[in-house]
Structures are given as structure tokens and as C-alpha cells.
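Just below is one structure, and these are the notes that go with it.
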Amino acid sequence: AAPRPGSVAYTASKHAVTGLTKSLALDGRPFDIAAGQIDFGNVVSAISDGMATGMPQADGSVRPEARMEASDAADAVFYMASLPLSANVLQMTVMASKMPLVGR
């Protein structure tokens, strides 16, 4: 699977954030600092309105994409924030179940 067409900068920055999160999680241990990353896929918002009408796909077509409710994204944030310092979610992907491509 490949990321969305025309997403070089987005993909590079996403990988940078992943590396930063892992480094911070390791370097923060002596100071009781926990770090985790949540990757959201297609959350209903003003930014994602275009997904409901159609987005470019890897095969060159433009098709509507499934989106999930913002409350589901908030629940994931709350879960991670509610963990004690003795536990951490390093990385979590929360996405619309019918997204056409995992990880975007």
C-alpha cells in the first residue's frame, strides 16, 4: 500500500513525528515523561469535509471516503491521557473502519 497521491511532504513529516515520539519516550524515562503518538484517519471536521465528496486515490480515481466522529478521536486522547506514568501507548492509529487505505 502507498500513501495518498501527492503526499510527499505529509508522509515525510508524519515519519519525522514518529521518530521524534520514540526518541522523546526513551529520553523522557528518567524524568517520568511519557510520550505517545495518535494517528487519526479521516475524522469528521471542517478540514475533512472534502473527503465526503471525493479524494484522490492511489489508482488515480476520486472517490468519497469514510470518516469517523470527532468524539471517537477524543475518546482515544482521553484513554492515553488517563494512563498512569507506569504505562504508555507509544503509538495508536484510530481511523474510520472503511477507510480505503490503512495508515493515512
Side-chain angles (χ1 to χ4, degrees):
R4 186 180 306 282
S7 64
V8 171
Y10 173 84
T11 301
S13 62
K14 185 78 125 184
H15 283 276
V17 168
T18 299
L20 178 65
T21 301
K22 290 178 180 179
S23 292
L24 180 59
L26 179 62
D27 293 348
R29 286 178 182 174
F31 309 101
D32 287 330
I33 296 171
Q37 174 181 342
I38 305 178
D39 298 316
F40 293 113
N42 295 10
V43 178
V44 173
S45 70
I47 293 172
S48 72
D49 281 346
M51 292 177 175
T53 57
M55 296 298 292
Q57 304 297 313
D59 65 3
S61 66
V62 175
R63 292 191 304 270
E65 293 189 3
R67 297 185 296 162
M68 67 179 191
E69 295 301 320
S71 61
D72 296 326
D75 288 345
V77 172
F78 180 79
Y79 169 72
M80 284 181 70
S82 69
L83 291 173
L85 284 175
S86 61
N88 185 37
V89 175
L90 181 62
Q91 190 168 11
M92 176 191 296
T93 301
V94 182
M95 56 185 243
S97 296
K98 294 184 179 180
M99 277 181 61
L101 179 64
V102 173
R104 174 178 69 199

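Quick note: residue numbers are just sequence positions, from 1.
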Nearest-0.5 Å distance that lies between atom [atom1] in [X] and atom [atom2] in [Y]:
X	Y	atom1	atom2	value
L20	D27	CG	CG	10.0 Å
T93	Q37	OG1	CD	8.0 Å
M55	M99	CE	CE	10.0 Å
S97	N42	OG	CG	11.0 Å

Quiz prompt | Residues which pass side-chain contact (heavy atoms from CB on, under 4.5 Å) with S13, listed by chain and number, not counting sequence neighbours | solution =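 Once residues adjacent in sequence are excluded, S13 has no partner under the side-chain contact (heavy atoms from CB on, under 4.5 Å) criterion.
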Exercise. With sequence neighbours left out, write down each residue that passes side-chain contact (heavy atoms from CB on, under 4.5 Å) with A66, or none if nothing qualifies.
Key: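 For A66, the residues satisfying side-chain contact (heavy atoms from CB on, under 4.5 Å) (neighbours in sequence not counted) are A96, K98.
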With salt bridge (charged side-chain N to carboxylate O under 4.0 Å, His left out) as the rule and sequence neighbours excluded, what pairs involving [range] come up?
range	result
residues 37-52	K14-D39, D49-R67
residues 77-97	none
residues 69-89	none

Would you name the heavy atoms of [X] and [Y] that are closest together and state the gap between them?
X	Y	result
P64	A52	CB-O, 3.4 Å
T21	G36	CG2-C, 3.7 Å
M68	G41	CG-O, 4.1 Å
L83	V89	CD1-CG2, 3.7 Å
A70	V44	CB-O, 4.0 Å

Quiz item: Is S48 reaching over with its side chain to a backbone N or O of V43, donor-acceptor style, under 3.5 angstrom?
Solution: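 The answer is yes, because a donor-acceptor pair under 3.5 Å joins these two groups.
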Quiz item: Counting N and O atoms only, with roles assigned by atom type, does the side chain of S82 sit under 3.5 Å from a partner on the main chain of Y79, one being a donor and the other an acceptor?
Solution: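 Indeed, once roles are kept as given, a pair shorter than 3.5 Å links the two residues.
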Practice problem: Following the transitive rule for hydrophobic clusters with a side-chain heavy-atom cut-off under 4.5 Å over Ile, Leu, Val, Met, Phe, Trp and Tyr, establish whether M92 and V17 coincide in one cluster. | Solution: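 Cluster IDs for M92 and V17 differ.
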Practice problem: Give a yes or no on whether L90 and I38 share a hydrophobic cluster (residues Ile, Leu, Val, Met, Phe, Trp, Tyr; joining criterion: side-chain heavy atoms under 4.5 Å apart). | Solution: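 They do not share one cluster, since no chain of ILVMFWY contacts under 4.5 Å joins L90 to I38.
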Self-check item: Residues which pass side chain to side chain donor-acceptor pair (under 3.5 Å) with D59, listed by chain and number, not counting sequence neighbours
Solution: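 Side chain to side chain donor-acceptor pair (under 3.5 Å) check on D59 returns S61, R63.
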